[in-house]
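See below for the structure under consideration.
Reminder, nothing fancy here: chain letters follow the sequence lines and each chain counts from 1.
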There are 2 protein chains.
Amino acid sequence: MPRETKIPLPTLERLATCYRYLTDIESRNVETISSSAIETATGIHAAQFRKDLSYFGVFGRPGIGYDVDDLKRRIAGILKVENEQPVILVGAGNLGSALVGFFGLPQHNFHIVAVFDNNPRKIGQTLWDLQVQDVGRLSETNAQLGARIGIIAGPAVAAQNITDVLVDAGIRVILNFAPTTIRVPDGVGVRNVCFIQELAVLSYYLSKLPEPNVG
Amino acid sequence: MPRETKIPLPTLERLATCYRYLTDIESRNVETISSSAIETATGIHAAQFRKDLSYFGVFGRPGIGYDVDDLKRRIAGILKVENEQPVILVGAGNLGSALVGFFGLPQHNFHIVAVFDNNPRKIGQTLWDLQVQDVGRLSETNAQLGARIGIIAGPAVAAQNITDVLVDAGIRVILNFAPTTIRVPDGVGVRNVCFIQELAVLSYYLSKLPEPNVG
DNA sequence: TAGATTGTTAATCGATTAACAATC
DNA sequence: TAGATTGTTAATCGATTAACAATC
């Protein structure tokens with residue numbers, strides 16, 4: 001099998017942004033869209049967007065632009081988000097609860113099919129339509145469910161243990177909300193979301209901004 | 001005033017990661033740490049980390065490494081996270097509630113001092129130690145509080161309105177959790193966190209991973 | 001046809017990495 | 001001193017942008 005050209009990570013992130021945008025405008029009756037219209041709406045540079053698509057041989061029509069439905073389908077095909085995918089979540093705290101209840105997830109074909117925690121006070125409780133399960137039974141449960149996407153919404157101290165359990169249960173990619181670095185074996189993908197780091201970067205921005213209304 | 005060298009964004013993100021890590025190990029009695037130990041712990045390449053620090057004239061000792069306390073203080077000074085900073089939050093839903101209750105925020109000197117919503121059923125309710133206020137009074141309230149950091153935890157359809165209100169109220173940097181692109185005037189900083197986009201990128205990873213146990 | 005917008009190339013820009021003299 | 005690790009330079013690498021012939 002010929003190796004696919006290595007796709008830059010920023011390209012994938014931009015395609016995800018674009019896909020989210022196309023989902024937004026689907027309801028409106030727009031048939032075609034140009035790369036510069038996408039730039040206006042999303043901030044993604046038009047030439048860059050066209051280049052991003054060119055990695056995958058996605059084509060618009062010169063002089064016209066892109067068919068919205070077609071473009072959306074093509075990007076969905078690239079990101080492999082056309083079909084429902086089961087997701088398991090570890091950590092039934094506030095954040096975990098927010099994620100399970102987040103209506104945007106099913107809308108984008110991600111379905112949280114099980115929630116786990118190690119806190120006996122939480123195990124057995126109901127979170128929306130799911131019953132919180134003992135994290136000790138995660139592997140067993142996922143043998144049935146077959147999820148390959150996992151979300152860590154537990155505290156930093158537990159994150160590495162949770163990671164190990166997830167990987168053991170066949171999870172192949174992990175979205176980590178715990179503010180700590182987790183180690184995974186080769187062949188497992190991780191993305192980290194860390195509120196505090198985001199705020200820290202914004203704090204730097206803030207310190208560099210000129211003060212308004214001074215003098 | 002001589003213009004400071006433009007700092008690469010990835011440098012700031014790495015410094016934020018490093019800072020979070022140094023906060024973690026503060027409790028353990030480690031006095032010094034080398035750039036390669038930081039690489040092991042955080043995945044940040046050692047040479048890159050040293051280069052990152054060099055933008056700011058932060059120095060370790062050849063042959064020894066970095067004094068942990070000193071390094072932490074210096075990075076805090078760069079990111080301007082040494083002192084408590086007030087933060088206001090818009091959106092008292094599940095995510096907003098999770099953020100207000102997130103113990104990691106005060107630990108890192110970010111204090112959510114007010115929560116707003118436009119839903120009459122939520123206004124007046126208590127979220128942890130805060131009472132949800134009418135978003136219509138945000139500007140008025142923030143005139144007292146003086147927060148310059150804002151968090152958007154509302155739905156995508158409301159995000160642009162919320163943004164405008166925040167900017168109007170003197171907010172200078174915004175952490176946006178709504179899955180949509182917001183427009184801000186020049187001089188206002190934004191960072192977006194979008195769960196769905198993270199999952200979409202992971203979904204791509206997943207499709208590229210070799211299937212284990214096949215054949 | 002004229003106008004608009006594409007895909008792609010080449011030029012630019014910026015970030016990462018390797019290497020090493022300096023130094024604790 | 002010998003070993004370790006720094007800060008910085010130069011080389012490499014990769015991503016972004018501008019420009020334009022092709023084409024609807």
Annotated structure of DNA chain D as dot-bracket, pair cut-off 3.5 Å, Watson-Crick or G-U only, | for inter-strand, is ..||||||||||||||||||||||
Measure centre to centre between the rings of A/Phe195 and B/Phe110, then say whether the value is under 6.0 Å. no
Base, sugar-phosphate or nothing for B/Arg50? Non-hydrogen atoms, less than 4.0 Å. base
Sorted by position of nearest nucleotide on DNA chain D, 5' first, the leading residue of A/Arg14 and B/Phe59 is B/Phe59
Keeping the roles fixed (side chain from A/Asn118, backbone from A/Val135), state whether a donor-acceptor pair exists under 3.5 Å. no
Of A/Pro62 and A/Lys51, the one whose closest DNA chain C nucleotide lies more 5': A/Pro62
Nt span of DNA chain D in reach of chain B heavy atoms at under 4.0 Å, 5' end first, is D/dA4 to D/dT9
Backbone of B/Tyr205 reached by a side-chain donor or acceptor of B/Lys208 within 3.5 Å: no
Going by the side chain to side chain donor-acceptor pair (under 3.5 Å) test, name the single residue among B/Gln85, B/His108, B/Arg148, B/Glu82 that passes it with A/Ser203. B/Gln85
Counting any heavy atom closer than 4.0 Å, what does B/Ser36 reach on the DNA or RNA strands: base, sugar-phosphate only, or nothing? nothing
Within the distance-only criterion (no hydrogens, no angle test), does the side chain of B/Asn142 pair as donor or acceptor with the backbone N or O of B/Leu145 below 3.5 angstrom? no
Of A/Ile64 and A/Ala47, whose closest DNA chain D nucleotide lies nearer the 5' terminus? A/Ala47
Is A/Arg191 salt-bridged to A/Glu13, going by a charged N under 4.0 Å from an acidic O? yes
For a quick check of understanding: with a heavy-atom distance under 4.0 Å over all strands, which category does B/Thr11 fall into, base, sugar-phosphate or nothing? nothing
Pair A/Arg20-B/Thr181, side-chain donor/acceptor within less than 3.5 Å: yes
Under 3.5 Å: donor-acceptor pair, side chain of A/Glu31, backbone of A/Val68: no
